[in-house]
**Q** 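Take a look at this one; I'll ask things after.
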Number of protein chains: 2
Amino acid sequence: MTPEKTVERLSLYRRFLKQLKDDGVKNVYSHHLADLSRGTPAQVRRDLMLIGYNGSPQKGYDVPELIKHIDNFFNTDELVNVVLVGVGNVGRALLSYFRSGKSHINIIASFDTDETKTDRIINNCTCHHISKLSEFISDKNIKVGILTAPATEAQVIANTMIGSGITGILNFAPVRLKVPQTIFVEDVDLTMNIEKVLYFASGKQV
Amino acid sequence: MTPEKTVERLSLYRRFLKQLKDDGVKNVYSHHLADLSRGTPAQVRRDLMLIGYNGSPQKGYDVPELIKHIDNFFNTDELVNVVLVGVGNVGRALLSYFRSGKSHINIIASFDTDETKTDRIINNCTCHHISKLSEFISDKNIKVGILTAPATEAQVIANTMIGSGITGILNFAPVRLKVPQTIFVEDVDLTMNIEKVLYFASGKQV
DNA sequence: GCGTTCTTGTGAAAATAATCACATTGTGAA
DNA sequence: TTCACAATGTGATTATTTTCACAAGAACGC
């Protein structure tokens, strides 16, 4: 119901707000948040309106309260466990990426087919053989998976994930996964991203 | 002028088309491309219309010709050189990612501040000290940079890049870079991506 | 030869998203 | 007290993106 774009921006707002909070800033105006997130003040206000947060015309938005409100919107007060499948270069980068952060996202386990990787700890995260994926997901009631396996295996893995109860996939494989309508897939496609930059950087579109 | 979304999809289409070509497929229909890219046939047709490619109602689209047409649209017949700044986990993942592919994107050099990394080859790519970045960019006339440095350094690096002639940045740092209007920045924000999945996977938005 | 069945290309409509613009309101200076 | 100011919240508008829906045309079976 909340537009995807708004959800994306809310995630950004929250990160910037946390930064501001750490810096001791108590309140913030829409134009300030707009600057930080490359949007417009009106857009910020509209987004916050959509999640029902009210500021005051004098003080703007209360930083800690707004953070709490967005936390509540995302429904992620506590740690969320996710699994990662495919401990290649991208997989390892993500393991480090989410380890390092003080984020509430916890990659609780990783999986791979390669037996030289399985049953040991890689980037602070135990890597299991992929044959254990299904059981792990249902046992731990995991809802979200990160898919960093090769394109050729992605669909099969996605099917396993979904069959075991996962409802959201962050997919790095350059394939369009076929999934039921109830499953949410977010694709990250690096080749596409850089081609887009190449195109718009070339200037011929101006 | 061509919408961003269309550019994104064209990149996808091309990749799928190349796959099809390798498989010996000679022509393809809009609904087929739509399947592969999770769009609708109408959208595919509209996109191709926008770049002025015409299929035939009987044969659909000629695969090799359409690839050539998209190549031409992207203006990337030959190899494009880009630089990468920040040889951390994500940086190394990207180096491998673009090495392995048969893509036309070539990361010609990487840069870092850490002297244990500089002046040697990491993931098949020579890593220079960042002090050489500016000269390198202008000498080789590089137009696009990949920014995988920590958030705290991202803006300074972006300024250097832009000052040396770069016009497009693929930014992985969780910061909104302040750049002139003529510079194109594409942000990849992994935290945002996964929070989005968490939100839409939780089902409470349905 | 003729109707049926696929397509494509595209004008028109619908859905989504972003922006404008202004009434409203608390604050501080005169 | 009163006025100017600066910011919010939001109806209305505009812009962008997607989808619908159908004319047109070749291939195929009869």
**Q** Is Ser30(B) close enough to dT8(C) that one of its side-chain N or O atoms is under 4.0 Å from OP1 or OP2 there?
**A**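 True: Ser30(B) side-chain N/O within range (under 4.0 Å) of dT8(C) OP1/OP2.
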
**Q** Over how many whole Å does the gap from Met49(B) atom CE to dT17(D) atom P extend?
**A** 14 Å

**Q** Work out which heavy atom in Ile105(B) is nearest to a heavy atom in Ile194(A); give both atom names and the distance.
**A**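 Shortest heavy-atom contact: CD1-CG2, 3.1 Å.
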
**Q** Taking the side chain of Pro3(B) as its heavy atoms from C-beta onward, which of dT17(D), dT7(C), dA17(C) lies nearest to it?
**A**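 Out of dT17(D), dT7(C), dA17(C), the nucleotide with an atom closest to Pro3(B)'s side chain is dT17(D).
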
**Q** How many whole angstroms separate atom NZ of Lys59(B) from atom C1' of dC28(D)?
**A** 13 Å

**Q** Side chain of Gln58(B), heavy atoms from C-beta onward: which of dG9(C), dA26(D), dC20(D) has the nearest atom to it?
**A** dA26(D)

**Q** In this structure, are over 12 heavy atoms from other groups packed under 6.0 Å from Lys117(A) atom NZ?
**A**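 Atom NZ in Lys117(A) is crowded, with more than 12 foreign heavy atoms closer than 6.0 Å.
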
**Q** Take the angle between the ring planes of Phe136(A) and His128(A) and call it parallel below 30°, perpendicular above 60°, tilted in between.
**A** tilted

**Q** Should dG11(D) form a Watson-Crick or G-U wobble pair with both distances under 3.5 Å, which nucleotide is its partner?
**A**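 Across any shown strand, dG11(D) pairs with dC20(C).
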
**Q** Starting from the 5' end of DNA chain C, give me the residue, Ala42(B) or His31(B), whose nearest nucleotide shows up first.
**A**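 Taking each residue's closest nucleotide, the earlier one in sequence belongs to His31(B).
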
**Q** What is the separation between atom OH on Tyr61(B) and atom C1' on dT7(C), rounded to the nearest whole Å?
**A** 9 Å

**Q** Considering only side-chain heavy atoms of Lys5(A), which listed nucleotide, dT8(D), dT7(C), dA18(C), is closest?
**A**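 For Lys5(A), the side-chain atoms sit closest to dA18(C).
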
**Q** Considering non-hydrogen atoms only, spot the tightest contact between Ile107(A) and Cys125(A) and give its length.
**A**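 That would be O-SG, 3.6 Å.
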
**Q** Check if the side chain of Arg46(B) and the base of dT19(D) share a donor-acceptor pair of N or O atoms closer than 3.5 Å.
**A**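 Side chain to base: pair found, below 3.5 Å.
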
**Q** I need the CG-P distance between Asp62(B) and dT7(C), as an integer number of Å.
**A** 17 Å

**Q** Do any side-chain atoms of residues 172-182 of chain A form donor-acceptor pairs under 3.5 angstrom with protein atoms, and if so which ones, sequence neighbours left out?
**A**
none

**Q** Please report, rounded to the nearest Å, how far the P atom of dT8(D) is from the CD atom of Gln43(A).
**A**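 To the nearest whole Å, that distance equals 14 Å.
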
**Q** Nearest whole angstrom, please: distance from the P of dT27(C) to the CG of Asn27(A).
**A**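 Computing the Asn27(A):CG to dT27(C):P distance gives 13 Å.
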
**Q** With a 4.0 Å cut-off on heavy atoms, is Thr6(B) in touch with a base, just the backbone sugar-phosphate, or nothing at all?
**A** nothing

**Q** Quick one: Arg38(B) CZ to dT17(D) P, roughly how many Å, whole number?
**A** 20 Å

**Q** In whole angstroms, how far is the C1' atom of dT25(C) from the CZ atom of Arg45(A)?
**A** 14 Å

